[in-house]
Amino acid sequence: MNPSAEAPSPTPSDFIRDVVAADVQAQRYPKIITRFPPEPNGYLHIGHAKSICLNFGIAREFGGTCHLRMDDTNPTKEDVEYVDSIQADVNWLISGFANDHLGLKPKGKKPETQTVNGKTDFHLGAVPVGTPEVEPFYASDYFDQIYQYAVALIRLGKAYVCDMTPEQTDEYRRLGKASPFRDRSIEENLDLFERMKAGEFADGTHTLRAKITVDAPNIWLRDPLIYRIRHAEHHHTGAKWCIYPMYDFAHCLEDYIEGITHSICTLEFEVHRPLYDWILEALELPRPLPHQYEFARLSLSYTVMSKRKLMQLVREGYVSGWDDPRMPTISGIRRRGVPARALRDFAYNIGITKYDGLTEVGVLDHAIRDDLNHVAHRKLAVLRPIKVVLTNLDENYAEELDAVNNPEDPNAGTRKVPFTRELYIESEDFREVPPPKYFRLRPGGEVRLKYGYIIKCEEVVKDAEGNIAELRCTVDLTTKRGGPNEGRKVKGTIHWVSAKHAIDAEVRLYDRLFTVPEPDAEGDFKAHLNPNSLEVITAKCEPSLAQATPEERYQFERLAYFALDKESAPGKLVFNRTITLKDTWAKEAKK
RNA sequence: UGCCUCAUGGUGUAAUGGUAGCACAGCAGAUUCUGGAUCUGCUUGUCUAGGUUCGAGUCCUAGUGAGGCAGCCA
């Protein structure tokens, strides 16, 4: 039983949820429908995780649905490669949380034409969870409908074909000057738009523009472009189209077609909101309109978040891939061993606002430790071994000691760990010349072996170079739990493994990717890469770790949390360090 | 430059005109067969100046600072 899984998820509160709650109260919509609309041009990162938790969280809290939608309106930037990873990341993150609220549609299904209040209307909704043969929504599935909406806008005299070059367009918009093509007749616009679609014109020669105003203070209202020519194959629609709708035109219509009620995006779209509303209102649509709300994207210290920069780290080989455990991608974080629950808790803890701040990674670290502390099975493993020989034990002394699997979870039970004459302990746990307040092993000193006995260091054996070769100690066999002197106190307890039984495992010690809190604040962010962000060592592990599974989380006691890497194989264990334990001693030692 | 948005301890957030609270971080202590976890306590805050009000973090005005937008990207 996983105790943290039983705890009810707290219900967050923020300005967006306040709006949703008010809309529910006022019965403005039959059902709350949100959406998570990534562009399939890269891997999802922890910033997207914030958005996923928000959108799916709202669906969950208000008994609604959150559509997963590929926002693929630009054929030159997107790729199917990313569609799979996006689905996998979303599924992983919402599993056991909001997977009952994931909105998908039947494979290959396009919007249906219906009549609402005497008007032609397009609609495509989600099917119930559990329906077979489903897939995410694709913006590109609506190209036919969006095209028809564009035609409708032309017929209403609210859009026109413009023949200016990109440079001219920019200049006119900057200056607030009207395009010379602004007052073409509806017939001419219809004809030209049809010919744009038919492929008669080259890229960049014509655009369709909404006829709003030429000099509004908000530049996005200065006759914005809504369709451009792109003679390019689209990963989802193939060669069918050579004109593609722009984000501003497409997105609000995608939302409308799917019956989205609350369209939540990040702050940079704030200035686009009037356009979002204008288009939907201009089209005189028969169903309730969706509304856009903006919140601050996540910035995290000691990492970078832009897709461009993450792509650069991958392409230039600074990391092993998009799912390198040092990456802030969802797949990287998952591979590092972070449970989805920890990520969700993190998202809950940071909240949702319009303030553009920098969140300390410490908040993430805390959420990870907090979750792992409850679920991880404790194991004994020695990262940097020194040998200990218990001189008062028989050559073939052997015993099995009882070890608690998880002190935070009584149901996790116990296991046996072998104890023999020769052991490994952590080299950090012995000091020939101990610093102040050091209460681990020292010459002539005593320490407790976790789950075992108190030992005393009698002699330090060194090799020819003066390095410590082994520690010769004596053991007090009366001090085990249940033994006559179990209550005897010593200051330190250390972890250990039986030398004879220890199994080797590759252990990848990950650290933060960058050495400064804001790597992209100025200059080249790569100059701040942490040269020690990965160290690979071979550790000595207790034998039960041979049965480690990828699902299970482990705490190597007194060290850190670990998870099996995907490259691990039977007989060739590979562990990733998810996160270290808090280390108060390290802080103390610095003083 | 124009337009938009934001401003509460070191950081992230709450307080919806009525006692400025929570989390992380930090510090101190208790406890501990993990220097983990747990528990207790502590330090630190409403950007500035005016105004409205019995009362302002909250409303108004001005200023300051920060961010966003000004792609035929999303």
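In what follows, chains carry the letters A, B, and so on, assigned in the order in which the sequence lines appear, proteins first and then strands, with residues in each chain numbered from 1.
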When rounded to whole Å, the CD1 to P distance for the pair A:I86 and B:A74 reads 15 Å
Counting side-chain heavy atoms from C-beta on, which of B:C33, B:C3, B:G35 comes nearest to A:R481? B:C33
Closest to the side chain of A:E408, out of B:G36, B:G35, B:U34, is B:G36
Quick check for you: among B:U34, B:G2, B:A37, whose closest atom lies nearest to any side-chain atom of A:I219? B:G2
Test side-chain contact (heavy atoms from CB on, under 4.5 Å) on A:R415 and A:V417 and set out the steps. CA-CA 7 Å; A:R415 67 187 186 285; A:V417 288; 4.0 Å; yes
Rounding to an integer number of Å, can you tell me how far A:D170 CG sits from B:C72 P? 5 Å
When we call it a touch if two heavy atoms are under 4.0 Å apart, what does A:G492 touch: a base, just sugar-phosphate, or nothing? nothing
With the side chain of A:K354 defined as its heavy atoms from C-beta on, choose the nearest nucleotide among B:A74, B:U5, B:G35. B:U5
Just jot down the salt bridge (charged side-chain N to carboxylate O under 4.0 Å, His left out) partners of A:D248, sequence neighbours excluded, or say none. none
Rounded to whole Å, CG of A:L267 lies from P of B:A7 at a distance of 11 Å
Taking the side chain of A:N218 as its heavy atoms from C-beta onward, which of B:A74, B:U34, B:C3 lies nearest to it? B:C3
Extract all donor-acceptor atom pairs below 3.5 Å that involve side chains of residues 298-309 of chain A and protein atoms in other chains or at least two apart in sequence.
from: A:S301; atom 1: OG; to: A:V361; atom 2: N; distance (Å): 2.9
from: A:S306; atom 1: OG; to: A:K309; atom 2: N; distance (Å): 3.1
from: A:K307; atom 1: NZ; to: A:N41; atom 2: OD1; distance (Å): 2.6

Listed range with range, the stems formed with RNA chain B by at least 3 consecutive Watson-Crick or G-U pairs (under 3.5 Å) are B:1-7 with B:64-70, B:10-13 with B:21-24, B:26-30 with B:38-42, B:47-51 with B:59-63
Between B:G55 and B:U13, how far apart are the C1' atoms? Round to whole Å, please. 26 Å
Think A:K491 has a side-chain N or O under 4.0 angstrom from the OP1 or OP2 of B:G35? no
Output, in order, the C-alpha distance, side-chain angles, deciding distance and verdict of salt bridge (Lys or Arg N to Asp or Glu O under 4.0 Å) for A:E426 and A:R440. CA-CA 10 Å; A:E426 203 69 54; A:R440 279 113 100 147; over 6 Å; no
Compare side-chain N and O positions of A:R228 against OP1 and OP2 of B:C73 and report whether any pair is under 4.0 Å apart. yes
What's touching nucleotides 10-12 of chain B from the protein side, N or O pairs under 3.5 Å?
from: B:G10; atom 1: N2; to: A:E360; atom 2: OE1; distance (Å): 3.3
from: B:U11; atom 1: O4'; to: A:E360; atom 2: OE2; distance (Å): 3.0
from: B:U11; atom 1: O3'; to: A:L358; atom 2: O; distance (Å): 3.2
from: B:U11; atom 1: O2'; to: A:L358; atom 2: O; distance (Å): 3.2
from: B:G12; atom 1: OP1; to: A:L358; atom 2: N; distance (Å): 3.1
from: B:G12; atom 1: O2'; to: A:I350; atom 2: O; distance (Å): 3.0

For a quick test of reading the model: is some side-chain N or O of A:T73 closer than 4.0 Å to OP1 or OP2 of B:A74? yes
Partners passing side-chain hydrogen bond (donor to acceptor under 3.5 Å, both in side chains) against A:D203 (at least two apart in sequence or in another chain): none
Contact class for A:Q555 (heavy atom, under 4.0 Å): base, sugar-phosphate, or nothing? base
Categorize A:Y438 for me: base, sugar-phosphate, or nothing, with a 4.0 angstrom heavy-atom threshold over every strand shown. base
For the pair A:F525 and A:F514, name the ring-plane relationship: parallel under 30°, tilted 30 to 60°, perpendicular over 60°. tilted
Below the 4.0 Å mark, does B:G35 have OP1 or OP2 next to a side-chain nitrogen or oxygen of A:K587? no
Can you check the distance between B:U8 and B:A20, where both ends of the measurement are the C1' atom (answer in whole Å)? 8 Å
A:R273 vs B:C69: side-chain N/O to OP1/OP2 distance below 4.0 Å: no
Got a sec: does the NZ of A:K354 have more than 12 other heavy atoms crowding it under 6.0 Å? yes
Side chain of A:P407 only, please: which of B:U34, B:C3, B:A74 is the nearest? B:U34
By the 4.0 Å heavy-atom rule, please label A:H272 as base, sugar-phosphate, or nothing. base
Residues in side-chain hydrogen bond (donor to acceptor under 3.5 Å, both in side chains) contact with A:D402, at least two apart in sequence or another chain: A:K416
Assess whether one donor atom and one acceptor atom, taken from the side chain of A:R558 and the base of B:G35, lie less than 3.5 Å apart. no
On a whole-Å scale, what distance lies between the C1' atoms belonging to B:G9 and B:U46? 10 Å
Report yes if the side chains of A:F249 and A:L208 come closer than 4.5 Å at any heavy-atom pair, otherwise no. no
Can you tell me how far P in B:C47 sits from the matching atom in B:G35, rounded to whole Å? 43 Å
Could you tell me whether A:F439 contacts a base, only the sugar-phosphate backbone, or nothing, with contacts defined as non-hydrogen atoms closer than 4.0 Å? base
Heavy atoms only, 4.0 Å cut-off, all strands: where does A:F269 land among base, sugar-phosphate and nothing? base
What interatomic distance, in whole Å, is found between P of B:G18 and the corresponding atom of B:C4? 29 Å
Atom-to-atom span, OH of A:Y160 to C1' of B:C72 - whole angstrom: 13 Å
When syn is taken as a glycosidic angle within 90 degrees of 0, is B:G63 syn or anti? anti
Is the ring pair A:H234/A:F143 parallel, tilted or perpendicular, if the boundaries are 30 and 60 degrees? perpendicular
Checking contacts here: which listed nucleotide (B:G2, B:A37, B:A74) is nearest the side-chain heavy atoms of A:E268? B:A74
With a 4.0 Å cut-off on heavy atoms, is A:R369 in touch with a base, just the backbone sugar-phosphate, or nothing at all? nothing
Is it the case that atom CZ in A:R297 sees more than 12 heavy atoms from other parts of the structure closer than 6.0 Å? no
Using a heavy-atom cut-off of 4.0 Å across all strands, would you classify A:T266 as base, sugar-phosphate, or nothing? nothing
Show your working on side-chain contact (heavy atoms from CB on, under 4.5 Å) between A:C53 and A:Y348 and close with a plain yes or no. CA-CA 8 Å; A:C53 291; A:Y348 168 76; over 6 Å; no
Qualifying residue, where the test is ring pair (Phe, Tyr, Trp, His ring centres under 6.0 Å) with A:F556 and the options are A:W496, A:F575, A:Y561: A:F575
Contact class for A:T207 vs. all strands (heavy atom < 4.0 Å): base, sugar-phosphate, or nothing? base
Whole angstrom value for the distance that separates P of B:U16 from CZ of A:R17: 19 Å
Report the nucleotide, chosen from B:C72, B:G36, B:A70, that has the shortest atom-to-atom distance to any side-chain atom of A:R378. B:G36
Would you indicate which nucleotide in B:G71, B:C73, B:C3 comes nearest to any side-chain atom of A:K77? B:C73
Under 4.0 Å between any heavy atoms, over every strand shown, what does A:K379 touch: base, sugar-phosphate, or nothing? Just pick one. nothing
Give one of base, sugar-phosphate or nothing for A:M164, where a contact means two heavy atoms less than 4.0 Å apart. base
Can you see if the side chain of A:H366 gets near the phosphate of B:C24 - specifically, an N or O under 4.0 Å from OP1 or OP2? yes
Out of B:G36, B:G35, B:C73, which nucleotide sits closest to the side chain of A:W585? B:G35
How would you label the contact of A:E557 with the nucleic acid (heavy atoms, under 4.0 Å): base, sugar-phosphate, or nothing? base
